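Single-structure report; data block below.
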Amino acid sequence: MKLYNTLSGQVEKFVPADANEVKMYVCGVTPYSATHVGHALSYVVFDTLRRYLEYKGYRVRHIQNFTDVDDKIIQRAQESGVSEDELVEEFIGDYFSAMDALNIQRAAEYPRATREIPRIIDAIAGLIDRGHAYPTAGDVYFRVTSKDDYGKLSHRTLDSMIAGARIQVDENKEHPMDFVLWKGAKPGEPSWESPWGPGRPGWHIECTAMSLEYLGEQLDIHGGGQDLVFPHHENEIAQSECYTGAKPFSRYWMHNGLLQLGSDKMSKSLGNLVSVVEALERYSPDAMRLYFLSSHYRSPLAYSDEGAAAIERSLDRIRHALTPSNGSGPQVNPSSHAARFATAMDDDLNTPQAVAALFDLARDINRGRDAGQRIDEGQATLRELGGVLGLTFAERASSDTELAAAPFIDLLVSVRSDLRAARQFALADQIRDGLAEQGVALEDSAQGTQWQYQSPD
RNA sequence: GGCGACGUAGCCAAGUGGACUAAGGCGGAGGUCUGCAAAACCUCUAUUCGGCGGUUCGAAUCCGCCCGUCGCCUCCA
C-alpha cells in the first residue's frame, strides 16, 4: 500500500514500524460549536483509512484527542453563561452523536487536554531542561531556533515565515516564531498549577503529550486536515522530537483537503458552516460518506445540496443490487471488481476509483439478476467492500409520522392492486399519482408492488 | 509578499509519458421490460483534457510562459 506523506511530499510505500499494529493519531476537535460537515469529511477519511488497514489485516490503534481548553471555549462559555465544562460536555456529546450517525468507528482512546496536565507539564519541563524552551513572565515558549529542521513538514524556512509579516511581535519572545507551550493564567480563566505559575497548556503541546502517553514516542500515521499542517503539526514535530529525541515523530503525515462551501473554505471564522445534524436531516449517512469519498481525500471538495442529492440518487442503484433474487444460473463473479477496489485503495486511498469498482459491481449484479443468474456471491462482495468504505446500505430511517402512515399506504396500495387486476388503470394511476405527491414512490413488479418514501432532493 | 494546490464532458470526479478511440456518478437522448409508469438493464452523450509554445517516436500526463480558481502563512478537520 502506498500513501502520500506530507513530510516528504511524495507517495511512499506504507510500512508500519510494527508489522502487526498501526499506531494512528488523528487530531480531534475543539468542542465549542456544532460538529460540521467539514469535520465529517476529515473523520470519514481517516475512518476509511482505518477500515481499509483493518481489511488488509492490520490491527490499528487509533487515538484521537479533544482540545478541551482554549480561548474559544473560554470565550464561548462566558458568552453563554455556562461553565467551560458544561460547554465542552455538550459539544463532545454532539461530536459523538454525529460520528456515530456517520458510522465512524470509535478511537481506542479520546484523551482530553485537561486530564493530561501532569503529562503536559512533564513534557514542557523536559523541553526546558534540554534547552528547547524557556519560561518568561508566566508563559513558556518553545525556542524554534533550537531545532535545525523546524519547518520540514510545511516546507518553509524560518526566514520565509518571518517574511509573512503577520506575526505578532511579543516582547517576551526570543524569536517571533517561538510558540507558547504554557500560557500564564489571566483572571477568570481556568488554570492549573505548574512550576511556572498557574496557567494552561498551549494548543500544540497537548498532542505531543497525549500521543506519547497513548502511543509511545513514534507514530506510524498522524492525520488531520490540511489546515493543521502549519503551525499545529509543525510544532508537534518540533516538541516531540526535541523532547524524546526520537525521529521521526510520525513516519507518515496525512492531511485531507478541506471542504469548501461555495467558493470559500468552510470554517469557524467565516461562519459558513453546515452542521452534520442539518446534513443528515436531508441525506443518508451513506450518501454523506460516499460524497466525501467520491473525490480524492487530498483534494478540496465543494459541498453542495445538488452534489449530495446526486450521490443519494446514485445509491439507489447499489441498494437495488442488494435486494434478493431467485436466480439459479451461474454466479456473477465479483473477483475482478474486488481486485480493482484493492488496487485503487492501495494507491494512496484512491476512493473515487474504489467507488467506481463498486458501481461496476452493482451493475454486473443487476445485469446478472435480469439474466437469471445467482448473485449472492456478488452481493456479499458488494456488502464487504462497501463496508470497507463504511457504507451500511441501510434504507433511510423512517420518522414516527411515516411509520404511523404505513398501514394506510399499505391499504391504498392493496386497493390499487385490485384495481389493476380489474384493469381499472385510470383509478389505479390516480392512487399512484396521489401517493407520489405525498412523497411515496410505487414500483410494480411480477412479485407485486413495492413502495417507499422518496429521499428528498 | 512567501509557500503550495488545482483547472478533464451540462455538473461532480478518476487518470499524471504509450493498452486514453480518457473510469465512475449525476443529468440528458433513444431502447428493452411494463396496461402506462417507476426501478433495473442496453446504447449513445469529451477525437479531447484552461490557453500558447517546447521536450519526446509518442503528452491530459514532462518543461516554460500566460490566464483563471483555491488553500496555508492567524483560531480551524
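Note that the coordinates shown come from a computational prediction; the quantities given were computed from them, not determined experimentally. Reminder, nothing fancy here: chain letters follow the sequence lines and each chain counts from 1.
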From the options [options], select the nucleotide whose nearest atom is closest to the side chain of [X].
X	options	answer
Q260(A)	rA14(B), rA39(B), rG71(B)	rG71(B)
H39(A)	rA39(B), rA77(B), rG35(B)	rA77(B)
F425(A)	rA14(B), rC42(B), rG35(B)	rG35(B)
F230(A)	rC70(B), rA40(B), rC73(B)	rC73(B)
D370(A)	rG71(B), rG35(B), rC41(B)	rC41(B)
L258(A)	rA13(B), rC36(B), rG71(B)	rG71(B)
E443(A)	rA77(B), rG71(B), rA39(B)	rA39(B)

Expressed in whole Å, how much space separates the [atom1] atoms belonging to [N] and [M]?
N	M	atom1	answer
rU47(B)	rU21(B)	P	14 Å
rG2(B)	rG10(B)	P	36 Å
rA19(B)	rA60(B)	P	10 Å
rU8(B)	rU69(B)	C1'	15 Å
rA9(B)	rG15(B)	C1'	15 Å
rG28(B)	rG50(B)	C1'	25 Å
rA22(B)	rU48(B)	C1'	8 Å
rA29(B)	rC67(B)	C1'	35 Å

Would you indicate what [X] reaches in the nucleic acid, counting non-hydrogen atoms under 4.0 angstrom: base, sugar-phosphate, or nothing?
X	result
F359(A)	sugar-phosphate
D444(A)	base
L228(A)	sugar-phosphate
A356(A)	base
G307(A)	nothing
R363(A)	sugar-phosphate
G9(A)	nothing
S299(A)	sugar-phosphate
H232(A)	nothing
Q226(A)	nothing
N366(A)	sugar-phosphate

Applying a 3.5 Å limit to both distances, which nucleotide forms a Watson-Crick or G-U wobble pair with [N]?
N	value
rG10(B)	rC26(B)
rC36(B)	none
rC70(B)	rG4(B)
rU16(B)	none
rU21(B)	none
rC65(B)	rG51(B)

Distance (rounded to the nearest 0.5 Å) between [X] [atom1] and [Y] [atom2]:
X	Y	atom1	atom2	answer
I311(A)	L290(A)	CD1	CG	5.0 Å
Q331(A)	E377(A)	CD	CD	3.5 Å
Q239(A)	L181(A)	CD	CG	5.5 Å
S299(A)	Q260(A)	OG	CD	11.0 Å

Once you round it to whole Å, what is the distance between [atom2] of [N] and [atom1] of [X]?
X	N	atom1	atom2	value
R423(A)	rU34(B)	CZ	P	12 Å
Y291(A)	rC12(B)	OH	P	10 Å
L391(A)	rG25(B)	CG	C1'	14 Å
Y297(A)	rA14(B)	OH	P	13 Å
N235(A)	rC72(B)	CG	P	17 Å
I318(A)	rC41(B)	CD1	C1'	16 Å
R313(A)	rA39(B)	CZ	P	11 Å
D364(A)	rA40(B)	CG	P	15 Å

Open item on the list: Is it the case that the ring center of Y303(A) lies less than 6.0 angstrom away from the ring center of Y291(A)?
Closed with: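 Yes; Y303(A) has its ring centre under 6.0 Å from that of Y291(A).
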Less than 3.5 Å between a donor and an acceptor, one on the side chain of [X] and one on the base of [N], is that the case here?
X	N	value
D70(A)	rC75(B)	no
R432(A)	rC36(B)	yes
D429(A)	rG35(B)	yes

Open item on the list: Can a donor-acceptor pair be found, under 3.5 Å and without considering hydrogens, that links the side chain of Q78(A) to the backbone of Q75(A)?
Closed with: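 No, the answer is negative, given that no donor and acceptor are paired below the 3.5 Å cut-off.
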- [ ] Report, as yes or no, whether the 6.0 Å neighbourhood of atom CD on Q450(A) holds more than 12 heavy atoms from other residues, nucleotides or ligands.
- [x]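 Incorrect, the count does not exceed 12.
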TODO: State, to 0.1 Å, how close N103(A) and D47(A) come at their nearest heavy-atom pair, and which atoms those are.
DONE: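 Reported closest heavy-atom pair: O-OD2, 3.4 Å.
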TODO: Name the residue closer to the 5' end of RNA chain B, choosing between A426(A) and S294(A) according to the nucleotide with the nearest heavy atom.
DONE: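 Here S294(A) is the residue nearer the 5' end.
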TODO: Find which nucleotide of RNA chain B each of S295(A) and N256(A) is nearest to by heavy atoms, and output the residue with the more 5' nucleotide.
DONE: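 It is S295(A), whose closest nucleotide lies nearer the 5' terminus.
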Open item on the list: Counting only side-chain nitrogens and oxygens, does R317(A) get under 4.0 Å of the OP1 or OP2 atom of rC41(B)?
Closed with: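 Yes.
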- [ ] Give a yes/no on whether any side-chain N or O of R156(A) is located under 4.0 angstrom from OP1 or OP2 of rG2(B).
- [x]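 For R156(A), the contact criterion (side-chain N or O under 4.0 Å from OP1 or OP2 of rG2(B)) is not met.
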TODO: Ignoring hydrogens and angles, state whether a donor on the side chain of H320(A) or N366(A) is under 3.5 Å from an acceptor on the partner side chain.
DONE: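 Note: H320(A) and N366(A) side chains meet the donor-acceptor criterion.
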Open item on the list: Please verify the inter-ring angle class for Y55(A) with F341(A); under 30° counts as parallel, over 60° as perpendicular, anything in between as tilted.
Closed with: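 It falls in the perpendicular class, over 60°.
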